[in-house]
A.B. asks: 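First the structure, which I've put down as C-alpha cells, then a few questions once you've had a look.
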Protein chains: 2
Amino acid sequence: MISSIAELISDRIGTMPAGERRAAQTLIASYPLIGLKTVAEFSAAAGVSSPTILRFVARLGFQNYPEFQSALQDELAAQLQSPASRTLNPSSPNGGAVSPMLEATLDNLRETFRHLSDKQLADIVAKLADRRGKTFLIGGRFTDPLARYMAAHLAIVQPNVFHLAGQEGVWRDRLIDMGKRDVLVIFDIRRYQDSLVRFAETAHQRGVQIVLFTDQWLSPIARFARHVIAGRTAVPSAWDSSAALFVVAETLIGAVTRQLEADGAKRIRELESLR
Amino acid sequence: MISSIAELISDRIGTMPAGERRAAQTLIASYPLIGLKTVAEFSAAAGVSSPTILRFVARLGFQNYPEFQSALQDELAAQLQSPASRTLNPSSPNGGAVSPMLEATLDNLRETFRHLSDKQLADIVAKLADRRGKTFLIGGRFTDPLARYMAAHLAIVQPNVFHLAGQEGVWRDRLIDMGKRDVLVIFDIRRYQDSLVRFAETAHQRGVQIVLFTDQWLSPIARFARHVIAGRTAVPSAWDSSAALFVVAETLIGAVTRQLEADGAKRIRELESLR
DNA sequence: CAAAATACGTAATATACGATACAGCGCACC
DNA sequence: GGTGCGCTGTATCGTATATTACGTATTTTG
C-alpha cells in the first residue's frame, strides 16, 4: 500500500532514468517544497531540463504538473492538521531492516544522555576549552574515526589539538609531550584494546587528565579517567553502534566552540581566509 | 517583532475592508495551504473575487502574488526542516545546553530516515555486498572520519574495500583501478569540496557507481551519483551535524554484514584468530 | 562493433494565471 | 435625501508557465 508521494517515488526510483532520478532525489531531499515551486525552478534545482521534470511527474502517474502539485498540497494539508502523524510514517512498511536500527539508536541516544548531567559535560567542556594545555585524541580500531572527527573540529577553534594516529610506537612517543595541564580524549569500546589501556595508564601516571568515551560496560581505562562518558551501543546488528558517542562528541564540539566564541570566531575567520 | 506572515495578518486584520478580511480569515483557517494555490482558488475559497485577493496581499506589503507565495513557502521550509522549533517552548525541561542538541539530533535522525525507503537501502546494500567489484570510500574535510568508520567495518566482512586518504594526488591516482563494477562511496556536506566533485566526476566517467552521503542541500556530486542519501544536518551549534549520516552508515554496515553472513562469518572468524 | 531504442535538452506553442482598468454598488457623511 | 468616497466585482490584457514536437546524444542489445 502506497499512501504518500514520497513512498511512491522511492518505490519507483529504481526504474527511472538518470535525469528523472535526479529530479526524484532533489524532491526527496527537501520534500515537498521544491515540488510546490514552478517547473522551471524545480528543474534548475535538480540540474535538469523542464521536460525531464514533466516526464518525472508523468511517470508517477499524474496527468499534468498542477495535478501533481495539488497532490503534494493535499498531503501537506493532512500533515499540518495532525502534527503527530509527522513523527512516524503511519503506513510505512516498517517491517524492513530500517526501523529497528533507527529505533534502537534513538533509544540509545536518549538513554545515554539521560545518564549525562549538564554539570559533567560543563566540566569536560571547561577542560577542553582551557587553552593553557594541549588536547590529544585517540581511538581504537573502530572508534578512531570518532577521535578524528572530534579533532578535526576542535583543531579549528583552538590551537594545540592533536590526533594520535598510525603505528602504536609513533603515538607512544608522543607521551613525552604530555603533562599535567593536558587532556587526553580516548575512545574505547569493546573489545577493549590492550595497547590503548597501557597508553592510558602511562598518560595517567604523567598526570594527564583523561576523558574517556566508552560503552556501558566501561573500558578498563575508566580506572584512570577523570571523566567517563558511557554510551549505549546495543543495536540489532552484528556490530555495536557508536552513534551515541558520536552525538555526545558533537555536543561537546558545539559547547567548546561556544565557549571559545570570542577567540574561536577570530580563528575561524582567519582559517577561512587561508583557504 | 513580527516574524511570521500569520502574525502580520492578525496584526493588520483590524484595518482591512470586509472582503480582504474574509480573505485573511480564510487563509488563517487553513494556514498556509490556501495561499499556495492559485489566486482563483484562493478567491473562490474565500468567496471573493481575484482582485480582492491581490489587494489583500498587496496590503500585507508584497509586491505581487508570487512574492507572497514564496514567503509562505520559505516559512514552511523553515518549519519542515527543523521540527524542533515547533517543540521549542519556553518551559523546556532541561534548561542546560544538552537537551537542544539532543532533541535536534533526534529530529534529524527521524527526518532523515523518513525520506529513506527500505528499497533504496536494499539497492545500496546489494551493490555494496556485490563481491564482484571493489568498494572505495572517501570523505571531505569533516566527513572523512565517516568514510573511515564505514571502511573499517566493511573491510572486515569482505575483501577489496579501500579507504582513500591522504593527499589529493594520491587518491586521484587510484582512479586507474576503478571500473564499471566498482562502487565509490562519497561523503560530502557543505561546504562542498571542489576536489571531491572533480574526483566524483572522473570516477563517474569511468563508469564507477557512486553512492553519495550528503546534506539536504545536495552536494553537486548528486549529479553523478547513482544513489543519494540526504541527511539532515541542522543543529543548534556552530557546526553542522553528521550524526544522521553516521547512523545511516551504521545501518548500511549492519545490513551488508547480514547480507554477507554466510561468507562474512567465516571471514570474521578467520580475522579473529589472526589477532 | 553496429544498429536500434531510449533518454535528454532546445525551442516553439498553447494555456492558464496574475495583473489592471473600469464600472457599479453600498455606505457614510453632509 | 442627496452627494461623494471607497470598496468590490467583471472583463480584458500581457506575461509567465506548462506543454509538446523534434533533433541529438547516449546507452543498450544483438
Side-chain angles (χ1 to χ4, degrees), chain A residues 5 9 12-27 32-73, chain B residues 5 9 12-27 32-73 179-182 201-210 220 222-226:
Chain A
I5 297 176
I9 292 171
R12 302 199 187 169
I13 197 169
T15 71
M16 292 181 187
E20 298 178 32
R21 198 160 47 220
R22 275 162 65 189
Q25 285 159 350
T26 310
L27 176 58
L33 255 145
I34 197 71
L36 298 177
K37 299 189 184 287
T38 67
V39 174
E41 284 176 290
F42 191 169
S43 66
V48 299
S49 67
S50 317
T52 300
I53 298 297
L54 295 172
R55 281 188 285 262
F56 164 66
V57 303
R59 190 182 298 265
L60 292 178
F62 298 99
Q63 293 300 318
N64 49 33
Y65 194 70
E67 185 180 303
F68 163 72
Q69 287 191 316
S70 295
L72 282 180
Q73 287 179 358
Chain B
I5 297 176
I9 292 171
R12 302 199 188 169
I13 197 171
T15 69
M16 292 181 186
E20 298 178 30
R21 194 174 311 144
R22 288 184 66 181
Q25 284 161 347
T26 308
L27 176 58
L33 249 142
I34 197 69
L36 298 177
K37 297 185 185 291
T38 66
V39 174
E41 285 176 288
F42 191 170
S43 66
V48 298
S49 68
S50 323
T52 300
I53 299 297
L54 295 173
R55 280 188 285 264
F56 163 67
V57 303
R59 191 181 296 267
L60 292 177
F62 297 99
Q63 293 300 318
N64 49 34
Y65 194 70
E67 183 180 304
F68 163 72
Q69 287 190 317
S70 293
L72 284 179
Q73 286 180 359
K180 288 190 208 307
R181 335 202 96 173
D182 302 329
E201 183 168 13
T202 314
H204 172 67
Q205 282 162 3
R206 294 184 61 89
V208 179
Q209 295 208 10
I210 296 178
R223 217 183 136 77
F224 315 115
R226 182 65 157 256

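Lettering of chains follows the sequences in order, A, B, ..., and the numbering in each one begins at 1.
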A.B. asks: Do the ring planes of A:Tyr65 and A:Phe42 sit parallel (below 30°), tilted (30 to 60°) or perpendicular (above 60°)?
C.D. replies: tilted

A.B. asks: Please report the interatomic distance OG1(A:Thr15) to CZ(A:Arg21), rounded to the nearest 0.5 Å.
C.D. replies: 9.5 Å

A.B. asks: Rounded to the nearest Å, what distance is computed from the CE atom of residue B:Met16 to the P atom of nucleotide D:dG6?
C.D. replies: 18 Å

A.B. asks: Round to a whole Å and report the spacing from CZ of B:Phe56 to C1' of D:dC7.
C.D. replies: 16 Å

A.B. asks: B:Ile53 has an atom CD1; how far is it from atom P of D:dG9, in whole Å?
C.D. replies: 9 Å

A.B. asks: For B:Gln209, which of B:Arg181, B:Arg226, B:His204, B:Lys180 qualifies under side chain to side chain contact (heavy atoms under 4.5 Å, CB included)?
C.D. replies: B:Arg226

A.B. asks: For atom CD of B:Gln205, decide whether the heavy atoms of other residues, nucleotides or ligands shown that lie under 6.0 angstrom number more than 12.
C.D. replies: yes

A.B. asks: Without decimals, in angstroms, what is the distance between B:Arg55 CZ and D:dC7 C1'?
C.D. replies: 7 Å

A.B. asks: Look at A:Thr52 and C:dA7 and indicate whether a side-chain polar atom (N or O) is within less than 4.0 Å of OP1 or OP2.
C.D. replies: no

A.B. asks: Side chain to side chain contact (heavy atoms under 4.5 Å, CB included) with B:Leu27: which of B:Leu60, B:Ile9, B:Ile53, B:Leu33?
C.D. replies: B:Ile9

A.B. asks: Roughly how bent is the helix from C:dC1-D:dG30 to C:dC30-D:dG1 end to end, in steps of 10 degrees, with each end axis from five pairs?
C.D. replies: 30°

A.B. asks: Would you say that B:Glu201 contacts B:Pro220 through its side chain, given a criterion of any heavy-atom pair below 4.5 Å between the two side chains?
C.D. replies: no

A.B. asks: For A:Gln69 and A:Lys37, indicate whether the former's side chain and the latter's backbone hold a donor-acceptor pair under 3.5 Å.
C.D. replies: yes

A.B. asks: For A:Ala71, which residues count as a side-chain contact (heavy atoms from CB on, under 4.5 Å) partner, sequence neighbours excluded?
C.D. replies: A:Ile5, A:Phe62

A.B. asks: Tell me the interatomic distance from B:Arg22, atom CZ, to D:dC7, atom P, rounded to whole angstroms.
C.D. replies: 17 Å

A.B. asks: Are any protein N/O atoms closer than 3.5 Å to N/O atoms in nucleotides 14-19 of chain D? If there are, list each pair with its distance.
C.D. replies:
from, atom 1, to, atom 2, distance (Å)
D:dA18, OP1, A:Val39, N, 2.9
D:dA18, OP2, A:Val39, N, 2.9
D:dT19, OP1, A:Tyr65, N, 3.1
D:dT19, OP2, A:Tyr65, N, 3.1

A.B. asks: Tell me the interatomic distance from B:Glu67, atom CD, to C:dG18, atom C1', rounded to whole angstroms.
C.D. replies: 14 Å

